Amino acid sequence: MSFRALIRSYAVFTMCSIPALVDNSPRLLELAMLPGISWLAETFVRMTFFDQFVGGDTAEKTLPLLYKLRAVNKGALFAYSVEVDENEAMSASTSKKSESSPYKRIVDEMVHCIDVAADFEDGLSGKVHTGRRTWVAVKMVRTLPLLSARPNLPSERVITRRKCPD
């Protein structure tokens, strides 16, 4: 761990231990998004919390971190999580200008993360014999447009991928 990463970790966990800061963080972030200072707030969040807890902006940008973790015999968990504004999603899905619904884009991105993780593991097969250690967490809340459809998801519906050789 670099000295910079150590200082960042200390600062982030110190900020997380201040109850008033944690409790008021949504309001502080809202204020920080005011025009003229939003770039400063985004830079601060990216250099602290984002760098501490997020591996990258895209699945592909996490690959260097995955290789670093695997080099020290550690695995990783892709946790793609997004919330959809139901009103915005419904207006986009009724508009004919929209190419695909927000829900389809979310599911497509989840499948993409699974593919990136699987391709990473496939690329290591034969080189490293430590087993597959890259996982993907799939959050199904708000990925379907109708609340009434959520309880009726078929249990047998599984996204499959070609079987990997053992």
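Since the model is a prediction, treat every value here as computed from it, not as a measurement.
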- prompt: What are the two closest heavy atoms between G55 and T62, and how far apart are they?
  reply: C-CG2, 3.6 Å

Test item: M47 and E42 side chains (from C-beta on) under 4.5 Å apart, heavy atoms: no

task: Please name all residues satisfying side chain to side chain contact (heavy atoms under 4.5 Å, CB included) with L77, sequence neighbours left out, ordered by chain then number.
output: W135, A137

Distance (rounded to the nearest 0.5 Å) between L63 CG and K61 NZ: 12.0 Å

query: According to the side-chain hydrogen bond (donor to acceptor under 3.5 Å, both in side chains) rule, which pairs have a member within residues 21-36, sequence neighbours left out?
result: none

task: For A59, enumerate each residue passing the side chain to side chain contact (heavy atoms under 4.5 Å, CB included) test, keeping only those at least two apart in sequence or located in another chain.
output: F78, H112, C113, V116

message: Under 4.5 Å between side-chain heavy atoms, counting indirect links through other Ile/Leu/Val/Met/Phe/Trp/Tyr residues: same cluster for L66 and F53 or not?
response: no

- prompt: Going from CG on D122 to CG on D115, what distance comes out if it is rounded to the nearest 0.5 angstrom?
  reply: 10.0 Å

query: Around atom CZ of F3, are there more than 12 heavy atoms of other residues, nucleotides or ligands at under 6.0 Å?
result: no

- request: Find out if a path of hydrophobic residues (ILVMFWY) with successive side-chain heavy-atom gaps under 4.5 Å connects L69 to F50.
  value: no

message: Suppose we screen for side chain to side chain contact (heavy atoms under 4.5 Å, CB included). Which residues come up paired with I37, at least two apart in sequence or across chains?
response: L34

Residue pair D108 / V111, side-chain heavy-atom distance below 4.5 Å: no

query: Hey, any chance L21 and V45 share a hydrophobic cluster, counting ILVMFWY side chains that come within less than 4.5 Å of each other, even indirectly?
result: yes

- request: Give a yes or no on whether F49 and V22 share a hydrophobic cluster (residues Ile, Leu, Val, Met, Phe, Trp, Tyr; joining criterion: side-chain heavy atoms under 4.5 Å apart).
  value: no

query: Are any non-hydrogen side-chain atoms of V72 and K68 less than 4.5 angstrom apart?
result: no

Please tabulate, for side-chain N and O atoms in residues 6-20, each donor-acceptor pair with protein atoms closer than 3.5 Å (sequence neighbours left out).
residue, atom, partner, partner atom, Å
R8, NE, Q52, OE1, 3.1
R8, NH2, Q52, OE1, 3.4
S9, OG, A5, O, 2.9
S9, OG, Q52, OE1, 2.8
T14, OG1, Y10, O, 2.6
S17, OG, T14, O, 2.7

D57: partners by side-chain hydrogen bond (donor to acceptor under 3.5 Å, both in side chains), with sequence neighbours left out: R46

query: Considering residues at least two apart in sequence or located in another chain, which fulfil the side chain to side chain contact (heavy atoms under 4.5 Å, CB included) criterion with S38?
result: M33

message: Applying ring pair (Phe, Tyr, Trp, His ring centres under 6.0 Å), can you list everything that pairs with Y67, at least two apart in sequence or on another chain?
response: F120

